[in-house]
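Note that this is a predicted model, so its numbers are computed, not measured.
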Amino acid sequence: AFSNQHTWYLATLSSVSAKSKAETNPTISFSKLIYTYNHVIQGFSASLTPAELESLKNSPGYVSSVKDRVVKVDTTHSFEFLGLNSGTGAWPVSSFGKDVIVGVIDTGVWPESESFNDDGMSDVPSRWKGECESGTQFNSSLCNKKLIGARFFNKGLIAHNSNITISMNSTRDTEGHGTHTSTTVAGTYVKDASYFGYAPGTARGMAPMARVAMYKALWEEGAYTTDIIAAIDQAITDGVDVLSMSLGLDGVDLYEDPIAIATFAAIEKNIFVSTSAGNEGPDVGTLHNGTPWVITVAAGTMDRDFGATLILSNKVSINGLAQYPGNFTSTEFPIVFMDTCSNKTELSKIKQKIIVCQDPGKEDSLDDQFNNIQAAGNIAAVFITNSSSVDVFVQSPFPAIFLVQKDGDTVVDFIKSNTDPKASIVFKKTILGIKPSPRVTSYTSRGPSYSCPLVLKPDIMAPGDSVLAAWPPNIAAARVNQDLFTNFNLLSGTSMACPHVSGIAALLKAVYPNWSPAAIRSALMTTSDQIDNTGSPIKDIGGNLRPADPLAMGAGHVNPNKALNPGLIYDATVQDYVDLLCGLNFTQQQIKTITKTSSNNCSNPSLDLNYPSFIAFFNDTGAKPNSTTVVEFGRTVTNVGDGSFTYKANVTPINGLKVTVEPDTLVFKTKYEKKSYKLSIEGPKQLHKPVLFGYLTWEDSGKEHVVTSPIVATRYKIGK
């Protein structure tokens, strides 16, 4: 008999070491054990030789093991674009997320940032069990009523390289990523924030009155799953309400994905988990965190651009994109057109002139031009391009402005028709109200999910492009001849989209503290927007500006105010997830790995999770021509509106498919009443197009609620 798990694991390791003869000294087990986990798995992490691992597999109580892996990081205006305001809606109703505790697993935090100011915040909730750990250049007194926890985890990293020197052995952020994501979630109000004059205004997070706990498990020296799940384990013990993770593992099965396994434990404790989809788009099947019990967030653009104005000597002004952070004179300079800017020798001869380059539109051609100009050291450049990857170049280390073809033609015509053409450039312009927006970014990773293709992923889209948030003042944010430093930085990626949803989930958690993570996810998804600010379907930059499909943006773009009053929710219990695991034909050992129990009830296996979206695969390559098949889904919705409602179903026509809903009317007499319906998709066994999609909406007779779910039919084959 052992007094606790930890002593049992130590004894097991010591006998394994003795048996394998790899070590004759049984006390070596102490150095082999890395972490004992309390929630995320019934187990531990350890450094083992292959022989020791084989011996361990024969030990009593052994269930499964998985090799430690490297994890990928998915690297002020957004609140207004999302419709959040102090007067009405999600902010005042939730008291700005008051007392909700958000745990962020990331690269650490810069505690002195103004965004962690705790002015006006009440005492830390008494239920909080977390700590503020001291370490290198980090004193526990640096925490306050806003930043209420700070812990760090690197035993796994050290186990991989015993000679490693950790440059900052504390929760202090040396990379900036964690400071940026955590203040996007819940940063407090900071006036006069900007990125070198771009995006000026008051910065604030999604839930300005929520609390932040930082768990540093991502290091400059590396990031491993052992440390990340130790951080999740601790966050569960500490009592967080929401977990935000802008990181993931690619191409891993659910029962071999430590992050999926660890977050299952979080869901069991009613913790909402928000994750990033990854930045491997626009190819399909690239997303990570396609886990059924978390929310998976895609990245979209905002209605804001940063730019410069090119003023020609004939007084014509042309606006373009730019984020050049340095200072630039407003003096007029001669302007010269150098075609594709491919002749490096000619470029280097030109001094004190603005160079104009025409992008021929080939692969990497803009990249080549950019590098040529940078090497030549010209005073400034104008790039004429229709490339969708301009955002990669706008934060240029030299003065550069990017024009669309139509405006570029105006500049070239001006140069060719004047004997002494001149121009000046004014940088640091912030343009609001950009149309159309939002749009799906090209880099955001796409579904279907590798680990669970039968659940449509991603779930939702949020702002991820050029997001302004706090930044450590000692980490260079830009370079112009020398490093430039700032307290706020503009970053892009699904890493930036994920914390938006984490913060909005905190607002909902403040209003509905007893809702399950699935209920909050449902409210966010079914109230999201599929229409942009021009009244047209949201477009996909990675799909040649065609209407975005749900494999790119999930249910739609998050709308916090509408999510407060979803009308109906699709709830899911822990047992529903177990039913799904049973339906996936996982072995009992594989299911046990995820659920941490031997008593899994597999009496109702089902591949049909009660989810607010639908995905059907029509990919039978051996099917006879014109042969059809029907895919059926069962769903149960709960009325969370006050009073009685009658909802009517409507399905957008999807060319080549027949979609039916039975019954097509749902009558609710009381709050929390549940009703079920069946959705059937009839279509060819082998779909004629890669993806077809539409939407099911349930609308109540008083038009107070519209509950929308995406429907996807695809012929893609993803996973095993």
Side-chain angles (χ1 to χ4, degrees), residues 76-81 114-115 176 180 183-184 190-204 301-313 315-333 335 352-357 370 373-374 377-385 390-404 407-408 411 422-435 437 463 465-473 475-492 496:
T76 54
H77 164 82
S78 45
F79 70 91
E80 284 176 313
F81 180 52
E114 271 298 298
S115 293
H180 198 280
T183 55
T184 300
V190 182
K191 288 188 174 143
D192 303 323
S194 81
Y195 170 79
F196 303 108
Y198 294 96
T202 299
R204 72 209 80 180
T301 66
M302 281 185 263
D303 66 338
R304 174 182 72 182
D305 267 339
F306 305 111
T309 304
L310 179 70
I311 305 160
L312 306 177
S313 51
K315 301 296 179 262
V316 171
S317 292
I318 295 167
N319 292 321
L321 296 177
Q323 283 179 33
Y324 172 66
N327 296 319
F328 189 69
T329 174
S330 55
T331 310
E332 272 194 348
F333 290 97
I335 184 167
Q352 296 298 300
K353 288 182 181 176
I354 297 170
I355 309 274
V356 179
C357 305
F370 190 87
I373 294 286
Q374 188 170 359
N378 305 112
I379 191 147
V382 177
F383 296 98
I384 305 166
T385 179
V390 158
D391 50 342
V392 178
F393 301 98
V394 286
Q395 280 189 4
S396 55
F398 58 89
I401 177 171
F402 298 81
L403 305 182
V404 296
D407 293 333
V411 175
K422 289 185 175 173
S424 60
I425 307 176
V426 180
F427 286 97
K428 304 194 179 177
K429 300 260 180 180
T430 299
I431 309 120
L432 299 176
I434 297 292
K435 293 182 177 180
S437 62
D465 235 23
S466 297
V467 173
L468 185 79
W471 188 252
I475 298 174
R479 185 170 177 82
V480 177
N481 302 324
Q482 62 188 45
D483 287 342
L484 300 180
F485 301 91
T486 174
N487 293 323
F488 288 84
N489 200 356
L490 288 170
L491 298 184
S492 296
M496 284 62 250

side-chain contact (heavy atoms from CB on, under 4.5 Å) against S313, all qualifying residues, sequence neighbours excluded: E332, F414, K422
Nearest-0.5 Å distance, CG of residue L403 to SG of residue C357: 11.0 Å
Residues forming a ring-ring contact (aromatic ring centres under 6.0 Å, His included) with F393, sequence neighbours excluded: F370
S492 to S466 - nearest heavy-atom pair and separation: OG-N, 2.7 Å
Results of side-chain contact (heavy atoms from CB on, under 4.5 Å) for K435 - residues two or more places apart only: N533, T534
Shortest non-hydrogen separation from I425 to F328 and the atoms involved: O-CD2, 3.6 Å
Which atom of P325 lies closest to which atom of Y195, heavy atoms considered: CB-OH, 4.1 Å
Residues in side-chain contact (heavy atoms from CB on, under 4.5 Å) contact with T385, at least two apart in sequence or another chain: D359, L366, S387, V390, F402
Spacing of CD1 belonging to I401 relative to CZ belonging to F427, to within rounding of 0.5 Å: 6.5 Å
Set of side-chain hydrogen bond (donor to acceptor under 3.5 Å, both in side chains) partners for K428, sequence neighbours left out: N327
Which residues share a side-chain contact (heavy atoms from CB on, under 4.5 Å) with A423, sequence neighbours left out: L310, L312, I335, I354
Value rounded to 0.5 Å, distance of CD in Q323 from NZ in K429: 15.5 Å
Considering all heavy atoms, the nearest A203-A193 contact: CB-CB, 3.7 Å
